[in-house]
Number of protein chains: 2
Amino acid sequence: MPTEIKENYLKALFHLGQKCEKISVSDLGKELGVSKPTASDMAKKLDAKGWVHYQKYKPLRLSDEGKKQAASIIRKHRLSEMFLSQIMGFGWEAVHEMAEELEHIKSETFFDRMDELLGFPTTDPHGSPIPDKQGCFKDSNYSLLSATSKGEEVTIKALINSSSEFIVFLNNKKIKLGTVLKVLSKEPFDQSILVSYNGKKITLSQSVCNRLLVE
Amino acid sequence: MPTEIKENYLKALFHLGQKCEKISVSDLGKELGVSKPTASDMAKKLDAKGWVHYQKYKPLRLSDEGKKQAASIIRKHRLSEMFLSQIMGFGWEAVHEMAEELEHIKSETFFDRMDELLGFPTTDPHGSPIPDKQGCFKDSNYSLLSATSKGEEVTIKALINSSSEFIVFLNNKKIKLGTVLKVLSKEPFDQSILVSYNGKKITLSQSVCNRLLVE
DNA sequence: TCACAAAGTTAGACATATCTAACAAATAAA
DNA sequence: TTTATTTGTTAGATATGTCTAACTTTGTGA
Ligand SMILES: [Mn+2]
Ligand SMILES: [Mn+2]
Ligand SMILES: [Mn+2]
Ligand SMILES: [Mn+2]
C-alpha cells in the first residue's frame, strides 16, 4: 500500500496522463510543488514498487497496477467530496480541499458506507466521474465550452478545474452544473464568448471557457 | 502544528497521564509500540517544540500547550466516533479504529460541522467526555464497577477501554451504556462479580469490571 | 551540424522517525 | 551497602522524502 505522499504522486500522474499522453518529470514536479530531482527520485521509487514504468530520460507512464491505485484514491476523493456536499452540507467550492485529506483514509468500510449513504453516486459535485471499485471510469464525452460555436445551446456538465477560486467565480455569476447557456458570439481576438442564461447576458473569458465541460 | 506521529505521542502522553501521575519513557514506548530510545528521542523533540517538559531520567510531563494540543486531538477523535456512530450508522465497536485516522484531519471546519450536525455532543459513543474547543474536559465522577459493593444498583456510564474485542464481548452479553446492573455478590478469590440485569444473571471477571465505569 | 537552452540525473546534504547494541543511572534486593 | 535488575540514554545505522548545486542528455534553432 502506498504512503500518503506516494498516493499524491500516483494521483498527479493519473491526472497529468489525462491531459497529455507524455508525462514529463518537470510537470510532475510542478503539479506537486517539488523540485525536479525529487520528482525524478520518486518516479524511480514508484517504478521499484511496480506502479510506474520508469526509463531514464523517457516520459513517465503509470503501470496498470499504478492506474488501479490512482483510481482507488480518486474514488475516495470524489466520494468524499460528494459526502461533504450532500451529507454534511458543505458548498461545492469547499469540498475539494477537505477531500485532499480524506482521500488518504485507509479504512475501506468508511468509503463503502459513504457510497451506500449517497446511493452509489456516479459523479462528484463538480461533475467528474467516480470510478467503480475495480478502477473503471465511465467516460462521458462532454466538450469544452471553448469548442462550441455561435448559436449552440449547451448545458454545463462538469468542471475541468475544481479550485475554490474558480468555483467562487461561478457562484458569483450564478453558474452551476445544469445551467443552460446560449452561445451568442465568439470574440476572435481573445476567444472570449458572449453567453446568455437565466435572462442574463455576460462574457466569459477563454480561461473560463477552457474550464467548463458542456453537452 | 504537530505531525500526525507527534499527535499520536501527545495523545498517548495525555492518556498515560490520566492513569498515573508519573509517565515513564517505557510506558510511552509500550503504548505506541516503539522502542525506548525512540520514545526517549521523541520526548526530547516534543520538549523542543514546547509540548513536553523533559529532564533526563525524570518522568515525562506534558506542558500546558501540550495538553491543549492533546485535547484538540482527543476532541477530533471523539467527535469522529460520534459522527461515525450517529450519522454514518457504524456500531460502537467499529468507530474507534476509524477515528484513529480521522483525528488527524487538519481542517477545523470539518470537525465544526460534525459538532453542529451532532448537536454539540458532550460524550462519545463509549461515554468518554468530548473536550470543548478550549481543551477543557468536564470530568464526571463515575466509579469502577470493580469498586462497588454487594447490593448496589448501578448504571453503566462509560468504558475505560474501547477496543473492539471488549465491545464485542459487551455486545454478546447485551450490555450497553445505560444498562442497570444489580451487584448480587463479589467473589473474594478472583474479584469477579455476580450481577443481574434485564432478567439475566451472569458473572463478570475482574478484568471486565475494571473496564466499566458506573454511577 | 553545432551550439545552446530545456529537461533530466547525480551527488551530497538535511529533517523526521525508526531500530539495535552498548552503556549509564536509578531503584530494588540481598 | 554492595549487587543486581530495571529503566533510560548514547551511538550508529536505516528508510523516507525533500533540497540545491553541478553535471549530462535531449532536442531545437541558427
Ligand atoms: Mn476534487
Ligand atoms: Mn491528498
Ligand atoms: Mn476511541
Ligand atoms: Mn491516530
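Quantities reported herein were computed from a predicted structural model and do not represent experimental measurements. Each chain gets a letter, A, B and so on, in the order the sequences are listed, and its residues count up from 1.
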Exercise for review: Inspect the surroundings of NZ in B:Lys6 and state if more than 12 heavy atoms from other residues, nucleotides or ligands are less than 6.0 Å away.
Suggested key: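 Counting other residues, nucleotides and ligands, NZ of B:Lys6 exceeds 12 neighbours.
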Check your understanding: Counting only heavy atoms not in B:Glu21, do more than 12 sit closer than 6.0 Å to its CD atom?
Key ->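 No, because the 6.0 Å sphere around CD of B:Glu21 holds 12 heavy atoms or fewer from other groups.
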Review point. Nearest to the side chain of B:Val25 - C:dG8, D:dT18, D:dG8?
Key: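 Closest nucleotide among those given: D:dG8.
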Practice item. Choose from C:dT18, D:dG17, D:dT7 the nucleotide whose nearest atom is closest to any side-chain atom of A:Met42. Key: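 Comparing C:dT18, D:dG17, D:dT7 against the side chain of A:Met42, the answer is D:dG17.
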Atom-to-atom span, [atom1] of [X] to [atom2] of [N] - whole angstrom:
| X | N | atom1 | atom2 | value |
| --- | --- | --- | --- | --- |
| B:Leu28 | D:dT7 | CG | P | 14 Å |
| B:Ile5 | D:dA15 | CD1 | P | 17 Å |
| B:Lys36 | C:dA25 | NZ | P | 15 Å |
| B:Asp41 | D:dG12 | CG | P | 14 Å |
| B:Gln55 | D:dG8 | CD | P | 14 Å |
| A:Glu4 | D:dT16 | CD | C1' | 14 Å |
| A:Lys22 | D:dT26 | NZ | C1' | 14 Å |
| A:Glu7 | D:dT16 | CD | P | 16 Å |

For a quick check of understanding: with a heavy-atom distance under 4.0 Å over all strands, which category does [X] fall into, base, sugar-phosphate or nothing?
| X | answer |
| --- | --- |
| B:Lys58 | nothing |
| B:Thr38 | base |
| B:Lys45 | base |

Please check the phosphate of [N] (OP1 and OP2 only) for any side-chain N or O of [X] closer than 4.0 Å.
| X | N | value |
| --- | --- | --- |
| A:Lys56 | D:dT26 | no |
| A:Ser35 | D:dC19 | yes |
| A:Lys44 | C:dT10 | yes |
| A:Ser26 | C:dA6 | no |
| B:Tyr9 | C:dT16 | no |
| B:Tyr57 | D:dT10 | no |
| A:Ser40 | C:dT9 | yes |
| A:Thr3 | D:dG17 | yes |
| A:Lys6 | D:dT16 | no |

Exercise for review: Taking the six-membered ring of B:Phe90 (Phe, Tyr or Trp), confirm whether the NZ or CZ of A:Arg113 is under 6.0 Å from its centre and within 45° of its axis.
Suggested key: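 Here A:Arg113 passes the 6.0 Å and 45° test against B:Phe90.
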Of the non-hydrogen atoms in [X] and [Y], which two are nearest, and what is the gap between them?
| X | Y | answer |
| --- | --- | --- |
| B:Pro121 | B:Leu79 | CG-CD2, 4.0 Å |
| B:Arg75 | B:Pro131 | NH1-O, 3.0 Å |
| B:Ser205 | B:Ser192 | CA-CB, 4.0 Å |

